[in-house]
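Starting from 1, each residue takes its place in the sequence as its number.
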Amino acid sequence: MDYETYKEQISADVVAQIEALHCQPVLFVGSGVSRRYFGAPNWVELLQILADNCPLVDKDYAYYAQSCSSEPQIGSIFADKYREWAWGSGKNQFPDHLFDPNVAPDAFLKHAAAAVFKESCPTQLCDVEPTFTDEIAALQAIKPHAVLTTNYDTLLESIFPDHAVVVGQTALKGMPFAVGEIFKFHGCVNDISQMVLTSEDYDTFQKKKKFIAARLLSLFNEHPMLIVGYGANDPNVQAILSDIDEALGLPGSLIENIYFVEYDPDAETKSSFPPEKLIQVEDNRSVRVKLIVATDLAWVFHAFKSPENLNSIPASFMRAILARSYELVRSDIPRTELDVDFEFLERKLDDRGEFAKLFGITTVVDASAITANFPFSITELGKKLGGNGWHAADRLFKVIQKDTGINIKSKDSKFLHKMKVNNSKFNKYSEDAFDLLKKVQDAGHCKSEWLD
């Protein structure tokens with residue numbers, strides 16, 4: 001089979017998967033993509049650069065590679081070297097805030113690592129080598145449901161500007177993974193505290209990994225998935241596929257909806273292409289996924305382009321609808337089946353009351369409408385204001401009463417509604433209440449006109 005026929009067969013198989021699942025693909029993007037588009041260093045090269053930039057790393061990188069069992073272990077050694085340098089002759093090489101006693105001791109290494117990527121990563125796609133213009137355009141046209149990555153750099157944010165970014169342990173908080181988001185599990189150059197770079201970081205990540213994987217399983221099971229920019233021996237790929245294999249409970253079976261891209265500079269000259277990739281995830285266990293062999297990635301990305309009925313919808317719009325829907329549903333509001341008219345939804349999305357009507361809330365019972373307009377308990381208000389519980393909100397209500405003489409919690413208003421369920425009474429608060437408390441929190445006092 002020649003390469004053109006191979007491309008047609010692979011493309012047809014991908015299209016069939018997308019049509020069968022009828023949803024947008026998920027991308028799992030590794031450092032090979034950043035290396036391809038702007039020459040980003042791999043793990044070893046990054047450590048070599050960090051070794052060269054710190055005068056206290058007084059031996060060649062090879063010395064540490066011989067002495068250590070893994071790159072993260074070398075990272076831990078370099079973290080100590082960078083801290084010693086920063087607190088000595090290298091103090092002027094680092095920003096002042098890193099010298100705060102509450103900052104982690106490995107922050108100096110992570111700051112230096114982030115600087116390596118910031119220096120080389122293009123801030124605009126027009127700065128990427130023109131050779132890859134068509135390839136990146138095809139990647140953008142996928143309009144992925146979500147993008148997963150262990151990369152630190154911000155290239156993906158430039159490629160998918162409509163996607164929100166979720167970094168590090170933030171992935172464990174809030175609502176389940178949603179459409180239109182980039183999940184950066186190993187941190188980001190814009191938040192060095194979340195970067196996974198040392199042995200200690202990896203130990204912490206391994207403890208959290210199972211929780212992240214559990215939240216990812218619906219993505220793996222329900223969407224076509226493209227793994228690109230990783231090697232088959234990459235521990236991140238092995239860990240993800242191991243979790244999927246365990247969850248599916250079908251050892252040895254081919255995972256039909258997962259495709260692994262293997263770069264081969266001679267692909268177009270070959271006549272035989274293996275249809276599957278066997279990836280070893282443990283000493284005695286392997287996982288089978290579909291293999292795509294490619295030199296040029298444009299045709300691969302074209303094959304994964306989302307169906308037209310989904311491709312035209314901005315990811316930020318879909319994410320906003322999902323977030324608002326989740327907020328209403330988790331407040332115990334009944335749901336109604338809808339025929340989705342996206343133009344109509346877009347007009348209604350910004351109006352909380354109007355959006356509630358889309359779910360039949362205001363026509364069910366008055367209590368449902370009230371719940372839609374007063375969705376917060378005082379505990380939820382407190383947490384939304386940055387506290388650990390109700391105390392943060394209660395303290396601000398007391399400031400309002402002291403400054404204006406008005407007790408917001410005493411009677412119904414646009415800020416509060418007193419509710420009764422059976423024999424229990426409790427207060428529910430509105431968005432207006434949150435906005436008011438936020439103003440008081442920022443100003444330290446309350447003005448009477450804010451209560452109008």
Would a 4.5 Å heavy-atom cut-off, applied to side chains only, mark Ser199 and Ser76 as touching?
yes

Looking at the rings of Phe117 and Tyr152, which for Trp means the six-membered one, are their centres under 6.0 Å apart?
yes

Which atom of Gln441 lies closest to which atom of Leu385, heavy atoms considered:
NE2-O, 3.1 Å

When you look at CD of Glu119, are more than 12 heavy atoms from neighbouring residues, nucleotides or ligands closer to it than 6.0 Å?
no

Are any of the side-chain heavy atoms of Tyr230 and Thr150 separated by less than 4.5 Å?
yes

Can a salt bridge be assigned to the pair Asp394 and Lys398 using a cut-off of 4.0 Å between side-chain N and carboxylate O?
yes

Quick one: does any side-chain atom of Asp153 pair with a main-chain N or O of Leu155 as donor and acceptor, under 3.5 Å?
yes

Closest approach of His163 and Glu181, non-hydrogen atoms and distance?
CD2-N, 3.4 Å

Would you check if there is a donor-acceptor pair between the side chains of Ser430 and Asn373 at a distance under 3.5 Å?
no

About how many Å separate NE2 of His302 and CG of Leu139, when rounded to the nearest 0.5 Å?
10.5 Å

Please give me the minimum heavy-atom distance between Ala393 and Leu437, naming the atom from each residue.
CB-CD1, 4.0 Å

Please round to the nearest 0.5 Å and tell me the distance separating atom CG of Leu109 and atom CG of Asn53.
11.0 Å

Non-hydrogen side-chain atoms of Ser34 and Pro41 separated by less than 4.5 Å:
no

Identify all side-chain donor-acceptor contacts of residues 84-104 below 3.5 Å with residues at least two apart in sequence or on another chain.
residue, atom, partner, partner atom, Å
Asp100, OD1, Asn102, N, 2.7
Asp100, OD1, Asn102, ND2, 3.4

Between Asp201 and Thr204, a side-chain donor and acceptor under 3.5 Å:
no

Please answer whether the main-chain N or O of His223 pairs with a side-chain N or O of Asn257 as donor and acceptor at a distance below 3.5 Å.
yes

What orientation do Tyr202 and Trp43 show, parallel under 30°, tilted 30 to 60°, or perpendicular over 60°?
tilted

Using only atom types and a distance under 3.5 Å, with no angle test, would you say the side chain of Asp106 pairs donor to acceptor with the backbone of Ala79?
no

Please report the C-alpha distance between Glu256 and Val289 in whole Å, then the side-chain angles of each, then the deciding distance to 0.1 Å, and finally whether the side chain to side chain contact (heavy atoms under 4.5 Å, CB included) criterion is met.
CA-CA 7 Å; Glu256 295 278 351; Val289 296; over 6 Å; no

Please name the pair of heavy atoms, one in Phe397 and one in Lys409, separated by the smallest distance, quoted to 0.1 Å.
CD1-CD, 4.0 Å

Taking the side chain as every heavy atom from C-beta outward, state whether Val228 and Phe28 have any atom pair closer than 4.5 Å.
no

Describe, in one word, how the ring planes of Phe78 and Tyr64 are oriented to each other, choosing from parallel (under 30°), tilted (30 to 60°) and perpendicular (over 60°).
perpendicular

Side chains of Phe434 and Tyr429: closer than 4.5 Å at any heavy-atom pair?
no

Gap between atom NE2 of His186 and atom CG of Asn236 - 0.5 Å precision
4.5 Å

Rounded to the nearest 0.5 angstrom, the SG-CD1 distance for Cys54 and Ile49 is 14.0 Å

Within-4.5 Å side-chain heavy-atom neighbours: Cys23 and His145
no

Judged by atom type as modelled, is there a donor-acceptor pair below 3.5 Å linking the side chain of Lys81 to the main-chain atoms of Val57?
no

Main-chain N/O of Pro72 paired with Thr198 side-chain donor or acceptor, under 3.5 Å
no

Heavy-atom side-chain proximity of Ile279 to Gln238 below 4.5 angstrom:
yes

Would a 4.5 Å heavy-atom cut-off, applied to side chains only, mark Pro224 and Val26 as touching?
no

Answer yes or no: is there an ion pair linking Glu157 with Lys184, defined by an N-O contact shorter than 4.0 Å?
yes

Would you compute the distance between atom CG of Leu436 and atom CD of Glu431 and round it to the nearest 0.5 angstrom?
12.5 Å

Thinking salt bridges, do Asp442 and Lys438 make one under a 4.0 Å N-O criterion?
yes

Where do Ile227 and Leu241 land on the side chain to side chain contact (heavy atoms under 4.5 Å, CB included) test, with the steps shown first?
CA-CA 11 Å; Ile227 302 174; Leu241 293 180; 4.2 Å; yes

So, Asp412 side chain and Lys418 main chain: donor-acceptor pair closer than 3.5 Å or not?
yes

Of all the heavy-atom pairs spanning Phe185 and Leu148, show the shortest one and how long it is.
CE1-CB, 4.0 Å

Distance-minimising heavy-atom pair for Leu125 and Gln140:
CD1-NE2, 3.4 Å

Give the intermediate values and the outcome of side chain to side chain contact (heavy atoms under 4.5 Å, CB included) for residues Phe160 and Leu27.
CA-CA 12 Å; Phe160 303 109; Leu27 305 181; 3.9 Å; yes

Run the side chain to side chain contact (heavy atoms under 4.5 Å, CB included) check on Phe304 and Val15 step by step: do they pass?
CA-CA 7 Å; Phe304 278 86; Val15 170; over 6 Å; no

Please check if any side-chain donor atom of Gln17 sits under 3.5 Å from a side-chain acceptor atom of Tyr259, or the reverse.
no

Just by modelled atom types, is the Cys446 backbone N or O under 3.5 Å from a matching donor or acceptor in the Asp403 side chain?
yes

When rounded to the nearest 0.5 angstrom, what distance separates CD1 in Ile159 from CD1 in Ile142?
10.0 Å

Examine the side chains of Gln124 and Ser158 and answer whether a donor and an acceptor come within less than 3.5 Å of each other.
no

